[in-house]
Amino acid sequence: MKQAKLLFLLITALAFASCRPTARQTVADAEQPTDSTEALTSADTLRLVIIDKSISRIDSVVQARIINPNDYDVSYGQEYTIERETDGHWQQVPFPKHFGFTSVLSTVAAHDSATVYGHIGLLHLTPGHYRLTKQIDGRTLSDDFYIPAPSPSPHLSIGKKLLDKVS
């Protein structure tokens, strides 16, 4: 009977110990940003940073850098989402029906960075506030960008003034 109790306690202790997070998981959880401001300001946090925050409507690609300041490599796939801010809430922009991603796993080495691309040409985005979101090493990271409204052409305003004078 004592052997059965001892065996039960040993199995329970092993099961309980195996449920504890590893040191890497604990550090990774502590480094998870709570918002985009923290992601941009913390020097020891895995980050996704849009290279050019103002994107023209004719641009077909958003470029971002994955910055890995950690002592270990991180991996990511080609998938991403584009979201638009509407009334203070983020809503995913749907991709065209036959849009897809290549199934490739890439790695960013420790203390290194990599450039990633979000192809937006087929999305026909209108002026507004957007963000690119990626899963990187099991974490969801994002950074925002803007598509500004087109500025009026100086030729159009001259023509409008001439029409106003004729009328």
Side-chain angles (χ1 to χ4, degrees), residues 10-149:
L10 180 63
I11 291 173
T12 305
L14 285 173
F16 186 76
S18 67
C19 293
R20 291 184 42 207
T22 65
R24 181 177 171 179
Q25 288 171 325
T26 303
V27 169
D29 290 344
E31 292 177 346
Q32 180 64 32
T34 55
D35 66 338
S36 61
T37 303
E38 180 181 337
L40 292 174
T41 58
S42 178
D44 61 349
T45 301
L46 180 65
R47 298 183 309 282
L48 177 72
V49 179
I50 300 292
I51 294 171
D52 184 2
K53 294 282 196 173
S54 182
I55 309 292
S56 165
R57 285 189 64 195
I58 60 171
D59 288 337
S60 61
V61 174
V62 174
Q63 292 185 41
R65 301 276 309 156
I66 298 171
I67 301 170
N68 180 15
N70 299 305
D71 292 331
Y72 53 87
D73 298 352
V74 296
S75 54
Y76 63 96
Q78 301 300 311
E79 302 85 5
Y80 60 89
T81 59
I82 300 292
E83 298 169 293
R84 180 186 172 105
E85 184 182 28
T86 306
D87 298 326
H89 299 286
W90 291 101
Q91 296 179 346
Q92 187 171 338
V93 175
F95 286 109
K97 185 176 181 179
H98 297 291
F99 190 89
F101 296 98
T102 305
S103 184
V104 176
L105 185 65
S106 301
T107 301
V108 182
H111 305 285
D112 203 358
S113 64
T115 302
V116 293
Y117 303 93
H119 297 277
I120 59 171
L122 296 173
L123 300 179
H124 307 290
L125 302 178
T126 57
H129 185 201
Y130 294 87
R131 72 179 176 188
L132 180 134
T133 301
K134 283 189 72 61
Q135 292 289 320
I136 303 169
D137 209 41
R139 290 172 258 185
T140 303
L141 301 178
S142 62
D143 197 11
D144 60 344
F145 62 95
Y146 296 88
I147 297 180

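Since the structure is predicted, the reported quantities are computational estimates derived from the model, not experimental observations. FYI, the numbering just counts along the sequence from 1.
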Taking the side chain as C-beta and beyond, is there a heavy-atom pair between [X] and [Y] under 4.5 Å?
X	Y	result
V108	S75	no
I147	Y130	yes
P148	P127	no

Item to complete: Let me see the working for L141 and L46 under side chain to side chain contact (heavy atoms under 4.5 Å, CB included), right down to the final yes or no.
Response: CA-CA 8 Å; L141 301 178; L46 180 65; 3.7 Å; yes
Between [X] and [Y], which heavy-atom pair has the shortest distance, and what is it?
X	Y	answer
S113	I67	CB-CA, 4.1 Å
L132	G118	CD1-CA, 3.7 Å
K134	G77	NZ-O, 2.8 Å
Y76	V116	CE1-CG1, 3.5 Å

From [X] atom [atom1] to [Y] atom [atom2], the distance as rounded to the nearest 0.5 Å:
X	Y	atom1	atom2	answer
N68	D137	CG	CG	8.0 Å
H111	D73	NE2	CG	10.0 Å
S60	L125	OG	CG	11.0 Å
I55	I50	CD1	CD1	7.0 Å
F145	I51	CZ	CD1	13.0 Å
Q92	W90	CD	CH2	12.5 Å

Worksheet item: Residues in ring-ring contact (aromatic ring centres under 6.0 Å, His included) with H119, at least two apart?
Response: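 So H119 forms no ring-ring contact (aromatic ring centres under 6.0 Å, His included) with any residue.
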Worksheet item: ring-ring contact (aromatic ring centres under 6.0 Å, His included) with F101: which residues, sequence neighbours excluded?
Response: Y80, F95, F99
Discussion item. Just by distance, no angles: are the side chains of H129 and D144 close enough, under 3.5 Å, to form a donor-acceptor pair?
Written reply: yes
Discussion item. Is it true that R84 and T126 share a donor-acceptor pair across their side chains at a distance under 3.5 Å?
Written reply: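 Yes.
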Worksheet item: In chain order, what residues pass the side chain to side chain contact (heavy atoms under 4.5 Å, CB included) check against T133, with sequence neighbours excluded?
Response: T81, E83, R131, T140, S142
Discussion item. If we ignore hydrogens and angles and just use 3.5 Å, is the side chain of N70 paired with the main-chain N or O of Y72 as donor and acceptor?
Written reply: no
Worksheet item: Would R47 and D143 pass as an ion pair if we require N to O under 4.0 Å?
Response: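 Looking at D143 together with R47, the answer is no, because their closest N to O distance does not fall below 4.0 Å.
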